[in-house]
Amino acid sequence: MKMGSAMKEVVRIEGITKVYQMGEETVHALRGVSLTVNQGEFVAIMGSSGSGKSTCMHILGCLDRPSSGRYALDGVSVENMSKNELAEIRNKKLGFVFQGFNLLSRTTAAENVELPLVYGGMNAATRRARALEALHMVGLAERAGHLSNQLSGGQQQRVAIARALAGDPALILADEPTGNLDSRMSEEIMDIFKRLNEQGKTIIMVTHEPDIAAHAGRRVTFKDGVIIDDTGPAQTAAKPGA
């Protein structure tokens, strides 16, 4: 990540809480979480089941609203937006990569990548050019015309990453992106994320795997609805010239 003289904030959450009512039980999923992520950072969010990491990711992705607190995404306050406004923000500002790929099986790789651009109203020629460029960025340009069910798991996840990139989002959110892949494919996917980050992309990734989190430049650990640790990866100091 290249550090500029003035860092642009992509994410700023302040005092975020999330409370669920489950029958007679009140569940405090987040308890006053504050976090800032600058442009060009690669952040891994970690924590055990029930720690609040997934709830935080849903709020960061404008898929859920906080019970209280403030959230600015790329300088825009989003915590009080309507469902339609949040949908527009997701389309324009965010790119999502999920554990399950979420591709249309009988649709080509390029068409899968184009899908969010269709929803955004982009014309056919521009979105096809964007899709092919994004597939090139993840090393799958030659597979653009293949149906997604003709691709390996690792290739499908690359298509999913290309789909997240195609709209040139302010932030890429990856939720357990290697959860369905073997160790070799996982390393290939993380190499892509690291390369994209080196090119200036801002990435927040949820993972429960320490070896996957170690690829990020920063690790944020949740426990019982609060952040208990926020640090760079331990192995950075061991790298020559780091």
Side-chain angles (χ1 to χ4, degrees), residues 10 42-45 54 57-58 60-63 87-209 211-213 215-216:
V10 176
F42 185 1
V43 181
I45 293 181
S54 294
M57 178 66 101
H58 289 156
L60 293 175
C62 298
L63 299 167
E88 186 174 358
I89 284 287
R90 285 195 299 271
N91 187 267
K92 290 184 176 180
K93 300 281 189 183
L94 297 169
F96 293 92
V97 181
F98 299 100
Q99 177 176 339
F101 316 144
N102 290 4
L103 302 180
L104 299 178
S105 61
R106 297 187 180 276
T107 303
T108 67
E111 289 166 341
N112 269 286
V113 174
E114 286 185 54
L115 196 57
L117 306 180
V118 173
Y119 294 145
M122 187 176 292
N123 70 69
T126 303
R127 67 178 184 251
R128 176 50 59 109
R130 287 274 195 97
L132 294 177
E133 180 184 3
L135 285 168
H136 176 74
M137 291 174 71
V138 299
L140 273 187
E142 77 285 357
R143 300 278 182 170
H146 285 64
L147 300 180
S148 61
N149 60 7
Q150 296 173 327
L151 302 175
S152 69
Q155 290 171 334
Q156 289 185 56
Q157 192 61 298
R158 288 197 210 181
V159 174
I161 295 170
R163 181 181 58 195
L165 287 169
D168 192 23
L171 175 64
I172 295 173
L173 291 170
D175 191 358
E176 300 282 3
T178 62
N180 285 345
L181 304 176
D182 63 27
S183 58
R184 183 178 65 83
M185 288 294 185
S186 295
E187 286 296 316
E188 289 183 9
I189 292 300
M190 294 315 301
D191 284 344
I192 291 173
F193 277 123
K194 286 197 294 184
R195 188 173 72 248
L196 293 172
N197 177 241
E198 288 167 358
Q199 294 169 2
K201 300 297 182 184
T202 309
I203 303 168
I204 299 179
M205 172 182 67
V206 164
T207 181
H208 68 278
E209 301 176 75
D211 58 328
I212 296 299
H215 289 278

Legend entry - Qualifying residues under salt bridge (charged side-chain N to carboxylate O under 4.0 Å, His left out), relative to E88, sequence neighbours excluded: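 Listed in chain order: K92.
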
Inset, instruction - Could you tell me which residues satisfy salt bridge (charged side-chain N to carboxylate O under 4.0 Å, His left out) with D211, sequence neighbours excluded, listed by chain and number? - result: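 Checked D211 against salt bridge (charged side-chain N to carboxylate O under 4.0 Å, His left out); zero matches.
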
Inset, instruction - For residues 151-162, pull every pair meeting salt bridge (Lys or Arg N to Asp or Glu O under 4.0 Å), keeping only residues two or more places apart or in separate chains. - result: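 Residue pairs passing salt bridge (Lys or Arg N to Asp or Glu O under 4.0 Å), neighbours aside: R158-E188.
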
Closer than 3.5 angstrom, by distance alone: can the side chain of [X] be matched with the main-chain N or O of [Y] as a donor-acceptor pair?
X	Y	result
N112	A160	no
Q155	L140	no
R130	M122	no

Roughly how far, to the nearest 0.5 Å, is [atom2] of [Y] from [atom1] of [X]?
X	Y	atom1	atom2	answer
I172	M205	CD1	CE	12.0 Å
R128	N123	CZ	CG	12.5 Å
F193	H215	CZ	NE2	11.5 Å
L196	K201	CG	NZ	7.5 Å
I212	E187	CD1	CD	6.0 Å
F42	I204	CZ	CD1	10.5 Å

Any residue meeting side chain to side chain donor-acceptor pair (under 3.5 Å) with [X], in chain and number order, not counting sequence neighbours:
X	answer
Q199	none
N180	Q99
Q156	none
R106	none

Exercise: identify the closest heavy-atom pair between [X] and [Y]:
X	Y	value
M57	A174	CE-O, 3.3 Å
S186	L181	OG-O, 3.5 Å
L132	A144	CD2-CB, 3.7 Å
N91	G120	OD1-CA, 3.4 Å
M137	R195	O-NH2, 2.6 Å
G61	L173	CA-CD1, 3.3 Å

Legend entry - Close side-chain approach of K93 and L171, heavy atoms under 4.5 Å: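 Not touching, per the 4.5 Å side-chain cut-off.
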
Inset, instruction - Would you check if I45 and L60 make a side-chain contact, meaning some heavy-atom pair closer than 4.5 Å? - result: yes

All side-chain contact (heavy atoms from CB on, under 4.5 Å) counterparts of [X], not counting sequence neighbours:
X	value
S183	none
A131	V113, E114
T108	A110, E111, L147
H146	R143, Q150, L151

Legend entry - Where at least one partner belongs to residues 96-134, residue pairs that pass ring pair (Phe, Tyr, Trp, His ring centres under 6.0 Å), sequence neighbours excluded: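 Non-adjacent pairs meeting ring pair (Phe, Tyr, Trp, His ring centres under 6.0 Å): F96-F98.
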
Legend entry - Intermediate values then yes/no, side-chain contact (heavy atoms from CB on, under 4.5 Å), L94 and C62: CA-CA 9 Å; L94 297 169; C62 298; 4.3 Å; yes

Inset, instruction - I would like to know whether M185 and T178 meet side-chain contact (heavy atoms from CB on, under 4.5 Å); could you show each step before the answer? - result: CA-CA 8 Å; M185 288 294 185; T178 62; over 6 Å; no

